[in-house]
Amino acid sequence: MTERHDDFGRGLALHQQGRLAEAEPLYRRVLRKAPGHFDALHLLGVICGQTDRFDEAHQLLTQALRQRPDSAPALTNLGNTLGSLGRHQQAVQAFERALAVRPGDAKALRNRGTSLRALERPVEALASFDAALALQPDYADALIGRAEALLTLHRRAQAIETFQQALALGKDVDQIRYALASLGVGSAPSTAPVAYVEALFDMYAHNFDQHLTERLGYRTPGLLVTELQLANPPDGADVIDLGCGTGLCGPLLRPLSRRLVGVDLSNLMLAKAREQGHYDELLQGDLIGVLAAQSQPFDIAVAADVFVYIGDLDAVFSATSAALRPGGLFAFSVEACEGGDYRLGPTRRYAHSPAYLQRLACAHGLGIESSRRSTIRKESDEGVEGLLLVMRRS
């Protein structure tokens, strides 16, 4: 056996064991000796996709397909990569090329459906999910995709039934129960599942800013920072941007900041925020854990459109108050509801009542500096009413 084949064989074995960091250099060694090695190009592209390096994955998979243009697995992986880059029209084309070679590929049909949903073509998406399920009736991911397409088509009862079929298979249980709760089936959890939020924002990372500002009329960062400035924040403040996403608040907070820290669950969102260059530090993790780990207190904490994914805010208020210096400011937005503490709506976003927020403020040593109602975004071309609040730690 040649050294090249030995390197590839060891790399493949490690890859199959999930030991990606060890497999990668072996594939690269093969490619240094044989730059056109199809399998090394293909599987190194897969590793890059598995580790969120989608631009490099695209380059490698494209090179592999020059060697074997009709490789259905490589075409499917190219489609997955294009979808992760937000290039869904091209992803659909790659999946259709794969299906022309291998029509019975349930995974390619399911992933084609996912990209068609992203392109707002729900009828075609539903047909793609149904085709996948005809081949593999117990394919939970295809059932979930089918349920989402049915919701888009306003076929609520069928969507609920399909979610329940997926739930019985035991995959993504918390996320399915969350979706069902938003439709009035079962009790709402106190917060959105972490995996749901992370996957949602990983999916949107590459076109998130455009989606929010152009499609949803999103204005919260500017409105919230205006409210913050009215509270006379200190010059040269230590600021933490909770749920910073791609960094839409970054350029607005930078002029106020001596030190600006961003926090988010989504690694892909943080990569986009890093490109902007406004943040001194970017941390991946849940808000409460990151706040508890900070050794230096902050003058300002900001959370723009973050609490829509958290119902029970008690622990967040506790951690934020503890992380602020006396006199520190806490600026955040919520979607508004009346009565009760909070509710989970059909958009899978929580709304909170003013009375609940007032109680939390009192319980955690925070005084309300300002509270203003505002239309903070659109949903189905209708304005969504929210609250912009600034609180001060006593």
Side-chain angles (χ1 to χ4, degrees), residues 178 181-182 187-192 197 218-233 239-245 248-249 252-253 263 265 286-292 297-377 379 383-394:
Y178 181 68
S182 76
S187 58
S190 62
T191 188
V197 178
Y218 181 66
R219 306 184 299 147
T220 303
L223 294 171
L224 190 58
V225 173
T226 296
E227 291 296 306
L228 178 63
Q229 289 171 323
L230 293 174
N232 298 314
V239 181
I240 187 163
D241 184 1
L242 301 170
C244 65
L248 287 172
C249 287
L252 304 173
L253 295 173
V263 183
L265 278 173
D286 71 277
L287 308 185
I288 295 168
V290 170
L291 285 167
F298 292 92
D299 301 297
I300 298 170
V302 174
D305 203 45
V306 176
F307 297 156
V308 292
Y309 299 106
I310 306 171
D312 184 348
L313 294 173
D314 185 70
V316 175
F317 268 59
S318 176
T320 304
S321 180
L324 287 171
R325 293 187 174 100
L329 295 168
F330 180 24
F332 62 93
S333 66
V334 296
E335 292 184 9
C337 69
E338 301 301 329
D341 292 346
Y342 57 86
R343 63 172 173 78
L344 177 64
T347 60
R348 292 177 218 173
R349 294 162 64 91
Y350 291 95
H352 298 84
S353 71
Y356 176 57
L357 299 172
Q358 174 72 64
R359 289 205 317 276
L360 286 174
C362 292
H364 296 288
L366 297 162
I368 297 178
E369 293 278 304
S370 66
S371 176
R372 184 164 74 87
R373 288 187 178 268
S374 177
T375 299
I376 56 175
R377 65 193 291 270
E379 187 72 42
V384 176
E385 186 176 18
L387 295 169
L388 306 168
L389 293 102
V390 179
M391 299 183 176
R392 189 183 297 274
R393 185 187 168 191
S394 57

**OP:** Give the minimum heavy-atom separation between R392 and G327, together with the two atoms involved.
**Re:** NH1-O, 3.0 Å
**OP:** Run the salt-bridge test on R219 and D305 with the 4.0 Å N-O cut-off and return the result as yes or no.
**Re:** no
Original post:
Taking the six-membered ring where the residue is Trp, are the ring centres of F307 and Y309 under 6.0 Å apart?
Top reply: no
Subject >> side chain to side chain contact (heavy atoms under 4.5 Å, CB included) evaluation trace for Y178 with R348 >> reply: CA-CA 8 Å; Y178 181 68; R348 292 177 218 173; 3.7 Å; yes
**OP:** Verify, without hydrogens or angle tests, whether S394 (side chain) and L366 (backbone) share a donor-acceptor contact under 3.5 angstrom.
**Re:** no
Original post:
Run the side chain to side chain contact (heavy atoms under 4.5 Å, CB included) check on S371 and L387 step by step: do they pass?
Top reply: CA-CA 7 Å; S371 176; L387 295 169; 4.3 Å; yes
Original post:
Distance from L252 atom CG to L224 atom CG, nearest 0.5 Å?
Top reply: 9.5 Å
Subject >> Any donor-acceptor N/O pair, H352 side chain to I310 backbone, under 3.5 Å >> reply: yes
Subject >> Residue pair G243 / L287: nearest heavy atoms and the distance that separates them >> reply: N-CD2, 3.7 Å
Original post:
Is there a donor-acceptor contact under 3.5 Å from the side chain of T320 to the main chain of V316?
Top reply: yes
Original post:
For the residue pair L228 and P233, what are the closest heavy atoms and their distance?
Top reply: O-CD, 3.4 Å
Original post:
Would you call R373 and E338 a salt bridge, taking side-chain N to carboxylate O under 4.0 Å as the test?
Top reply: yes
**OP:** Of all the heavy-atom pairs spanning V306 and L242, show the shortest one and how long it is.
**Re:** CG2-O, 3.1 Å
**OP:** Work out which heavy atom in G383 is nearest to a heavy atom in T375; give both atom names and the distance.
**Re:** CA-CG2, 3.7 Å
Original post:
Side chains of Y356 and D312: is there a donor and an acceptor less than 3.5 Å apart?
Top reply: yes
Subject >> Least distance between heavy atoms, L324 atom then A301 atom >> reply: CD2-N, 3.9 Å
**OP:** Measure from the ring center of F330 to the ring center of F298 and say whether it is less than 6.0 Å.
**Re:** no
Original post:
If only atom types and distance count, is the side chain of T226 paired as donor or acceptor with the main-chain N or O of G222 below 3.5 Å?
Top reply: yes
